[in-house]
Amino acid sequence: MVVFNFEKASYAQKLLSGRIRISKLDYVPRYIVGLDVSYIKDYGLGVAVAAEFDSLRVVKVASVVDRVEVPYVPGYLAFREAPVLFKVLRKLKLDLRESILMVNGHGITHPRRFGIASHIGVVLDVPSIGVAKRILSGRVVKLDGRSVIVVDNIVGGVVFSRGRHRVYASIGHRVSIDDVVSIVDRCFVGLKPLPYPLYLADKYSRDMARDLKVRLG
DNA sequence: GCGACAG
DNA sequence: ATCTTGTCGC
């Protein structure tokens with residue numbers, strides 16, 4: 001049996017973090033795609049929700065059930081979940097050249113600056129943003145009335161407060177911190193604690209887990 | 001060594 | 001993430 005090699009995974013993350021491009025989004029996206037995974041035992045239930053960037057109207061949803069081999073260890077989430085998300089993105093059959101990805105997890109606000117949002121963004125070379133419910137790496141600092149996450153002396157993420165909920169958004173790939181702020185901000189609708197595309201991906205994957213359990217007894 | 005630790 | 005009863009607050 002092959003065991004996961006965390007040493008090599010660390011090396012890969014440090015190496016690949018050098019491929020992250022932090023720059024202003026170079027096109028107006030047509031779609032924003034929310035990505036999330038829930039679990040039943042060793043099966044990951046991945047969901048992708050594509051919404052129009054302007055109206056946030058949902059245009060496409062895809063889901064996949066995939067066996068996961070890698071355990072969850074903080075800092076190595078991508079090696080567990082990214083394969084599931086690559087599969088569901090293939091099923092989505094959407095032209096990602098005109099889209100941006102919103103991934104449940106961190107981007108560069110990661111111990112080796114290569115969280116799952118950056119991982120997926122770099123591998124597919126698609127603009128991406130990470131959105132996490134808890135902080136993983138970096139220091140939260142107040143910067144002109146706004147809480148931001150500083151890593152390596154740059155602003156890599158921003159903290160959003162929705163009532164008592166906190167959301168930590170960060171640069172994934174091919175976006176600027178200003179893009180992260182403006183894009184995540186306009187995805188909050190109503191009182192939902194997560195940006196809409198991610199809220200739906202999260203909801204649908206949980207619904208899927210519940211339904212599948214009923215079907216299994 | 002100790003604490004912290006996305007999903 | 002998932003499991004899982006009662007309980008706090010609006």
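Note that the coordinates shown come from a computational prediction; the quantities given were computed from them, not determined experimentally. Quick note on labels: first sequence line is chain A, next is B, and so on, each numbered from 1.
- Comparing atom distances between the R80(A) side chain and each of dG7(B), dA6(B), dT2(C) picks out dG7(B) as nearest.
- One atom, CE of M208(A), and another, P of dA1(C), lie 15 Å apart when rounded to the nearest Å.
- In terms of heavy-atom proximity, A82(A) sits nearest to I120(A) at CB-CG1, 4.1 Å.
- Straight-line distance from the CG atom of L77(A) to the C1' atom of dA6(B): 6 Å, rounded to whole Å.
- At a threshold of 4.0 angstrom between heavy atoms, the contacts of F79(A) with the nucleic acid are absent.
- No option in I100(A), L89(A), V49(A) other than L89(A) meets the side chain to side chain contact (heavy atoms under 4.5 Å, CB included) test with V33(A).
- Heavy atoms of R206(A) sit under 4.0 angstrom from primed sugar atoms or phosphate atoms, though from no base atom.
- The closest donor-acceptor contact from the side chain of H106(A) to the backbone of A117(A) lies at 3.5 Å or more, if one exists at all.
- In terms of phosphate contacts, R134(A) brings no side-chain nitrogen or oxygen within less than 4.0 Å of OP1 or OP2 of dC5(B).
- At a threshold of 4.0 angstrom between heavy atoms, the contacts of Y72(A) include nucleobase atoms, whether or not backbone atoms are also involved.
- Summarising the geometry, the separation between NZ on K203(A) and P on dA1(C) is reported as 15 Å, rounded to the nearest angstrom.
- Atom CZ in R210(A) sits about 16 Å away from atom C1' in dT4(C), given to the nearest Å.
- Across the protein-nucleic acid pair, E81(A) atom CD and dA6(B) atom P stand 12 Å apart, rounded to whole Å.
- In this structure, the CZ atom of R112(A) is 11 Å from the C1' atom of dC5(B), given to the nearest Å.
- A donor-acceptor pair shorter than 3.5 Å cannot be found between the side chains of S182(A) and D185(A).
- Nearest nucleotide to the side chain of I135(A), out of dA6(B), dC5(B), dT2(C): dC5(B).
- In this model, the phosphate group of dA1(C) is not approached by any side-chain N or O of K41(A) to a distance below 4.0 Å at OP1 or OP2.
- One atom, CG of D42(A), and another, P of dT2(C), lie 13 Å apart when rounded to the nearest Å.
- Taking atom NE2 on H119(A) and atom P on dA6(B), their separation rounds to 18 Å, with Å as the unit.
- Just one of I183(A), L56(A), V131(A) meets the side chain to side chain contact (heavy atoms under 4.5 Å, CB included) condition when paired with P195(A); it is V131(A).
- If you check every strand for non-hydrogen atoms under 4.0 Å, G75(A) touches a base.
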